[in-house]
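Below is one structure, written out as structure tokens, with a few remarks after it.
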Amino acid sequence: MSQTLPKAETLSLLLETLHANRTSSNDSKLALLTGDCQQLVQEATLHQQSSWAAHMTPNLAPYSLIGQQIAGIHQGNLLSPELYPFLKDAEITTLDWIKAYFHQAHAYFTHGGSYSNLEALWQARDANTQQRKRVYGSHACHYSIKKACDILGLEFHALSTDDSDRLLPEALLKACQQERPLAIVLNLGTSASGCIDSLPETVSIAADYGCWLHVDAAWGGAVVMLPEYKDTYQCLAQADTVSFDPHKSLFQPRPCSILLSQHKKQSLAETHYLETPPTKQLAGSFGGELFLPLWLNLQLLGEGWFYGKTRYRLAQARQFVMQLSELTSWPVIQSETGIVCFESTEKGLLSPLVQQGIFSEARVNKRPVYRAVFASYHVQANDLIRAIRPYL
């Protein structure tokens with residue numbers, strides 16, 4: 001079953017139901033609204049095309065829109081979970097499913113990877129008894145890491161990477177020898193290249209220096225969930241926190257992010273109108289909007305559906321690399337997570353394709369590259385190659 005947004009004509013018919021109660025004062029407004037909504041829907045179809053690989057914007061899993069509608073109807077606030085036992089059960093079921101893959105004891109939903117990264121470093125800061133402030137990570141870390149450090153009064157130090165933007169273990173070891181950090185941040189899928197840091201080596205360094213270890217798997221976390229990689233990512237059990245965004249690589253609508261942790265959240269001061277005191281997290285009120293689409297797809301499709309679609313988009317990325325290498329001599333960076341970066345021989349050669357949303361531009365180790373993101377299971381390697389051919 002595939003799911004697409006409604007066509008503009010269908011949306012027009014839905015909006016016409018409003019006309020039953022129209023008055024002379026709102027006729028013109030309804031006409032404008034219909035036109036605006038049609039344009040929004042048309043704009044939204046861009047990232048549903050088989051040749052759209054510009055960003056981490058996936059097509060939605062089949063039952064996601066229904067999950068969003070149920071969440072909108074429900075409107076329950078899980079700061080008072082005793083009032084909404086079925087909603088709470090759906091949340092727990094979904095989190096338990098995710099936790100098993102990442103070998104973490106606790107997990108909760110957040111409104112995005114930036115929130116998750118900030119809360120992870122917040123936990124690290126508050127667990128620190130030695131007043132350390134330094135945080136190490138590569139220059140390829142997501143911008144939210146530096147932003148979180150600024151908010152929390154911490155000091156982020158960017159370390160060197162290899163040509164694919166993987167953190168160099170020797171650079172991390174040297175930095176730790178010079179000054180023991182509060183925390184180390186590793187990438188399980190960078191935003192630009194999608195590459196994964198050398199986890200076993202860097203995780204071992206974090207353990208040797210007894211510092212907080214946060215793994216940003218916002219993009220690459222879907223790979224961790226594949227059964228064939230079960231043994232590969234056992235080292236995540238040594239991480240203190242892991243962030244993961246199903247709205248980037250598991251075909252979910254925003255917002256759907258998860259922070260996993262080996263540490264139970266602390267409670268804040270008790271609030272008189274709540275049965276249970278809130279915990280130390282950024283968001284206040286929240287409900288099913290964060291997880292019901294994911295829960296519903298899991299219940300109706302099963303985890304095997306997610307495995308299959310993830311394998312398919314990774315296979316399309318590999319096929320794209322193979323065809324591009326046969327067609328050109330351009331340098332290519334192939335990640336483990338479904339992002340392919342490449343350099344053309346002529347500056348700005350594919351700018352028209354960037355403007356169309358077929359590719360995006362990025363920098364990998366300070367080099368400008370074109371970037372193809374296989375976030376959707378609609379994206380076809382053949383169609384991307386077809387788009388490139390006229391420029392060769």
>> Test of understanding: clusters of I, L, V, M, F, W, Y form through side-chain heavy atoms closer than 4.5 Å, transitively. Do Trp295 and Phe86 belong to the same one?
In response: no
> Is it the case that one hydrophobic cluster holds both Tyr312 and Leu384, taking links as side-chain heavy atoms less than 4.5 Å apart, direct or via other members?
Replying inline: no
>> Quick check: do Gln316 and Val379 have side-chain heavy atoms less than 4.5 Å from each other?
In response: no
> Taking it one step at a time, do Leu292 and Leu87 satisfy side-chain contact (heavy atoms from CB on, under 4.5 Å)?
Replying inline: CA-CA 8 Å; Leu292 278 183; Leu87 186 64; 3.8 Å; yes
> Yes or no on side chain to side chain donor-acceptor pair (under 3.5 Å) for Ser261 and Gln123, after CA distance, side-chain angles and deciding distance?
Replying inline: CA-CA 9 Å; Ser261 179; Gln123 288 187 31; 3.1 Å; yes
>> Quick check against the 3.5 Å criterion: does Gln356 have a side-chain atom that pairs as donor or acceptor with the backbone of Pro352?
In response: yes
>> Side chains of Asn382 and Gln323, heavy atoms from C-beta outward: is any pair under 4.5 Å?
In response: yes
> Hey, do the aromatic rings of Phe286 and Phe109 have their centres closer than 6.0 Å?
Replying inline: no
> Are the side chains of Leu154 and Arg132 in touch, meaning some heavy atoms are under 4.5 Å apart?
Replying inline: no
> Can you name the nearest heavy-atom pair linking Gln252 to Cys256, along with the distance?
Replying inline: CB-CB, 4.4 Å
> Between atom NE2 of His157 and atom NZ of Lys146, what is the distance when rounded to the nearest 0.5 Å?
Replying inline: 10.0 Å
> Quick one: does Arg313's side chain have a donor or acceptor within less than 3.5 Å of a partner on Gly338's backbone?
Replying inline: no
> Any side-chain heavy-atom pair from Tyr101 and Leu236 closer than 4.5 angstrom?
Replying inline: no
> Rounded to the nearest 0.5 Å, how far apart are CZ of Arg125 and NZ of Lys133?
Replying inline: 9.5 Å
>> Please give me the minimum heavy-atom distance between Ser257 and Asp245, naming the atom from each residue.
In response: OG-OD1, 2.5 Å
>> Would Tyr63 and Trp305 count as a ring pair (Phe, Tyr, Trp, His ring centres under 6.0 Å) here? Give the steps.
In response: CA-CA 12 Å; Tyr63 300 102; Trp305 183 89; 8.9 Å; no
>> For Ala54 versus Val373, what's the shortest heavy-atom pair and its separation?
In response: O-CG2, 3.8 Å
>> With clusters defined by side-chain heavy atoms of hydrophobic residues (ILVMFWY) lying less than 4.5 Å apart, directly or transitively, does Tyr115 cluster with Ile151?
In response: yes
> At their closest point, which heavy atom of Phe244 faces which heavy atom of Ser249, and how far apart are they?
Replying inline: CE1-OG, 3.8 Å
> Quick one: do Val364 and Phe320 end up in the same hydrophobic cluster if we chain Ile, Leu, Val, Met, Phe, Trp and Tyr together by side-chain heavy atoms under 4.5 Å apart?
Replying inline: no
>> Pairing donors with acceptors under 3.5 angstrom, does anything connect the side chains of Ser164 and Ser193?
In response: no
> Which atom names give the shortest non-hydrogen contact between Asn297 and Pro62, and what distance separates them?
Replying inline: OD1-N, 3.6 Å
>> Rounded to the nearest 0.5 Å, what separates atom OG1 in Thr202 from atom CG in Asp197?
In response: 6.0 Å
> Can you find a heavy atom in the side chain of Leu324 that is under 4.5 Å from one in the side chain of Ile385?
Replying inline: yes
> Are Thr161 and His139 close enough, and set up right, to give a side chain to side chain donor-acceptor pair (under 3.5 Å), and what steps lead you there?
Replying inline: CA-CA 7 Å; Thr161 67; His139 68 76; 3.0 Å; yes
> If only atom types and distance count, is the side chain of Gln262 paired as donor or acceptor with the main-chain N or O of His103 below 3.5 Å?
Replying inline: yes
> Does the gap between the ring centers of Trp97 and Phe306 come in under 6.0 Å?
Replying inline: yes
> Does Tyr136 reach the main-chain N or O of Pro181 with its side chain, forming a donor-acceptor pair under 3.5 Å?
Replying inline: no
> Is there a side-chain contact (heavy atoms from CB on, under 4.5 Å) between Ile258 and Leu95 once you walk through the steps?
Replying inline: CA-CA 8 Å; Ile258 300 170; Leu95 289 174; 4.1 Å; yes
> Arg254 versus Thr57: any side-chain heavy-atom pair under 4.5 Å?
Replying inline: yes
> Checking Asn128 side chain against Gln130 main chain: does a donor-acceptor pair fall under 3.5 Å?
Replying inline: yes
>> With a 4.5 Å cut-off on side-chain heavy atoms, are Cys195 and Asp165 touching?
In response: no
> Got a donor-acceptor contact below 3.5 angstrom from the His111 side chain to the Pro255 backbone?
Replying inline: no
>> side-chain contact (heavy atoms from CB on, under 4.5 Å) for Ile98 and Gln104? Distances and angles first, verdict last.
In response: CA-CA 9 Å; Ile98 297 292; Gln104 297 289 303; over 6 Å; no
>> For the CG atom of Asn365 and the CD1 atom of Ile333, what is their distance to the nearest 0.5 Å?
In response: 8.5 Å
>> Run Tyr229 and Glu336 through side chain to side chain donor-acceptor pair (under 3.5 Å) and show every step you take.
In response: CA-CA 11 Å; Tyr229 292 111; Glu336 308 92 325; over 6 Å; no
> Checking side chain to side chain contact (heavy atoms under 4.5 Å, CB included) against Phe374, which of Val340, Ile339, Thr310, Leu314 comes through?
Replying inline: Val340
> Donor-acceptor pair, Tyr370 side chain versus Leu349 backbone, under 3.5 Å?
Replying inline: yes
>> Does Trp212 form a side chain to side chain donor-acceptor pair (under 3.5 Å) with Thr241? I'd like the steps, not just the answer.
In response: CA-CA 8 Å; Trp212 191 280; Thr241 45; 3.1 Å; yes
>> Please determine whether side-chain contact (heavy atoms from CB on, under 4.5 Å) holds for the pair Arg318 and Met322, giving the CA-CA distance in whole Å, both sets of side-chain angles, and the decisive distance to 0.1 Å.
In response: CA-CA 6 Å; Arg318 292 191 294 270; Met322 181 181 68; over 6 Å; no
> Roughly how far, to the nearest 0.5 Å, is CD of Glu346 from OG of Ser351?
Replying inline: 9.5 Å
> Do Thr93 and Asp89 touch side chain to side chain, with heavy atoms closer than 4.5 Å?
Replying inline: yes
>> So that I know where these two stand, are His74 and Tyr84 an aromatic pair - ring centroids less than 6.0 Å apart?
In response: yes
>> Ring of Trp330, cation from Arg367 - is the NZ or CZ under 6.0 Å from the centre and inside 45° of the axis?
In response: no
> Counting only heavy atoms not in Glu43, do more than 12 sit closer than 6.0 Å to its CD atom?
Replying inline: no
> How would you list, by chain and number, every residue that makes a side chain to side chain contact (heavy atoms under 4.5 Å, CB included) with Ser114, sequence neighbours excluded?
Replying inline: His142, Tyr143, Ser144, Lys147
> Leu199 and Leu226: same hydrophobic cluster, using ILVMFWY side-chain contacts below 4.5 Å?
Replying inline: yes
>> Testing the basics here: between Leu353 and Ala387, what is the closest heavy-atom pair and its distance to 0.1 Å?
In response: CD1-O, 3.6 Å
> Pick one: which of Val185, Ile184, Val242, Asp240 meets side chain to side chain contact (heavy atoms under 4.5 Å, CB included) with His214?
Replying inline: Val185
> Between CD1 of Ile196 and CG of Leu188, what distance do you get to the nearest 0.5 Å?
Replying inline: 4.5 Å
> Between Phe342 and Phe359, does the ring centre distance come in under 6.0 Å?
Replying inline: yes
